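Nothing here was measured: the structure is a model prediction, and the numbers come from that model.
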Amino acid sequence: MKALKKRSTASAVALVVIIAATLFGMIRSANAAARAVERQFEHGVKVTDVNGQKYTEKSIQDQLQRRADAALGLLAAVTDDALLKEDADALRKAREALLDADTVREKYAANEKMEATWRRLYETLTARGGELPASVESYASTLRGAQGAIDKSHYNEAVLRFEAEMRAFPAGLLRMLGLVDLPETFGEA
């Protein structure tokens, strides 16, 4: 206790407490901002159109669910076709992997796999010739449309903007020390 009675020691202790509290607050704020960006994956990104109107675009998670639902419909439409069993099984597994994926990176990989498998199944169907059932065309259209919406999503831009903000001092220091968990981009950004 005698050491704290010295003005220089008390000042040093106070300075350390202030710096530690400031650093703790910065870490909390940066991680909260990172979570806010990450939530946009599930809830959509707020954007402004060319006319200055603000809206929230459908989230990537919603689009992935639309794709999973359309893949299930496509599977139901071709379930009785023995010649498509291998392609249908591959699509079923890819769909399950998408639904089971936890992280943004896992969801991206599973979505890419499902994209390749449903296209292979669709190409096999179209190579046979003849008119495809309307349900197959409808599911294919939904799969294409949802993927198009994912490709146009502003989520990756939001992640990259946040990463740019985290490069500036002092946030960049927190990032280099691994004290801030950055949100993941959906694929290559």
Heavy-atom pair of closest approach, residues [X] and [Y]:
| X | Y | value |
| --- | --- | --- |
| Val104 | Thr185 | CG1-O, 3.4 Å |
| Ala68 | Leu98 | CB-CD2, 4.3 Å |
| Asp181 | Asn31 | N-OD1, 3.0 Å |
| Pro183 | Tyr155 | CB-OH, 4.2 Å |

Evaluate whether atom [atom1] of [X] has more than 12 neighbouring non-hydrogen atoms of other residues, nucleotides or ligands under 6.0 angstrom away.
| X | atom1 | answer |
| --- | --- | --- |
| Arg128 | CZ | yes |
| Arg105 | CZ | no |
| Glu86 | CD | no |

Would you mind reporting whether [Y] and [X] have side-chain heavy atoms less than 4.5 Å apart?
| X | Y | result |
| --- | --- | --- |
| Leu143 | Met114 | yes |
| Arg144 | Tyr122 | yes |
| Arg67 | Ile150 | yes |
| His154 | Gln40 | no |

Rounded distance [0.5 Å steps], [atom1] in [X] versus [atom2] in [Y]:
| X | Y | atom1 | atom2 | answer |
| --- | --- | --- | --- | --- |
| Met26 | Ile19 | CE | CD1 | 11.5 Å |
| Asp80 | Lys85 | CG | NZ | 12.5 Å |
| Leu72 | Leu99 | CG | CG | 9.0 Å |
| Leu132 | Ser138 | CG | OG | 12.5 Å |

Asp49 (side chain) donor-acceptor with Asn51 (main chain) under 3.5 angstrom
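Yes, the answer is positive, given that a donor and an acceptor are paired below the 3.5 Å cut-off.
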Output yes when a side-chain donor or acceptor of Arg95 lies under 3.5 Å from a complementary backbone atom of Ala70, and no otherwise.
no
Can you find a side-chain donor-acceptor pair between Arg66 and Gln63 that sits under 3.5 Å?
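Short answer, yes.
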Can you find a side-chain donor-acceptor pair between Asn111 and Glu115 that sits under 3.5 Å?
no
Step-by-step side chain to side chain contact (heavy atoms under 4.5 Å, CB included) determination, His43 to Thr56
CA-CA 8 Å; His43 301 291; Thr56 302; over 6 Å; no
Test applied, side-chain contact (heavy atoms from CB on, under 4.5 Å); reference residue, Val78; option that passes from Thr124, Leu121, Asp87, Leu91:
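Only one option passes, and that is Leu121.
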With a 4.0 Å cut-off on N to O distance, would you call Lys93 and Asp89 a salt bridge?
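Looking at Lys93 and Asp89, the cut-off is not met.
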How are the rings of Phe186 and Phe41 set to each other: parallel, tilted or perpendicular (split at 30° and 60°)?
tilted
Apply side chain to side chain contact (heavy atoms under 4.5 Å, CB included) to Val159 and Glu38, showing your working.
CA-CA 8 Å; Val159 171; Glu38 214 166 56; over 6 Å; no
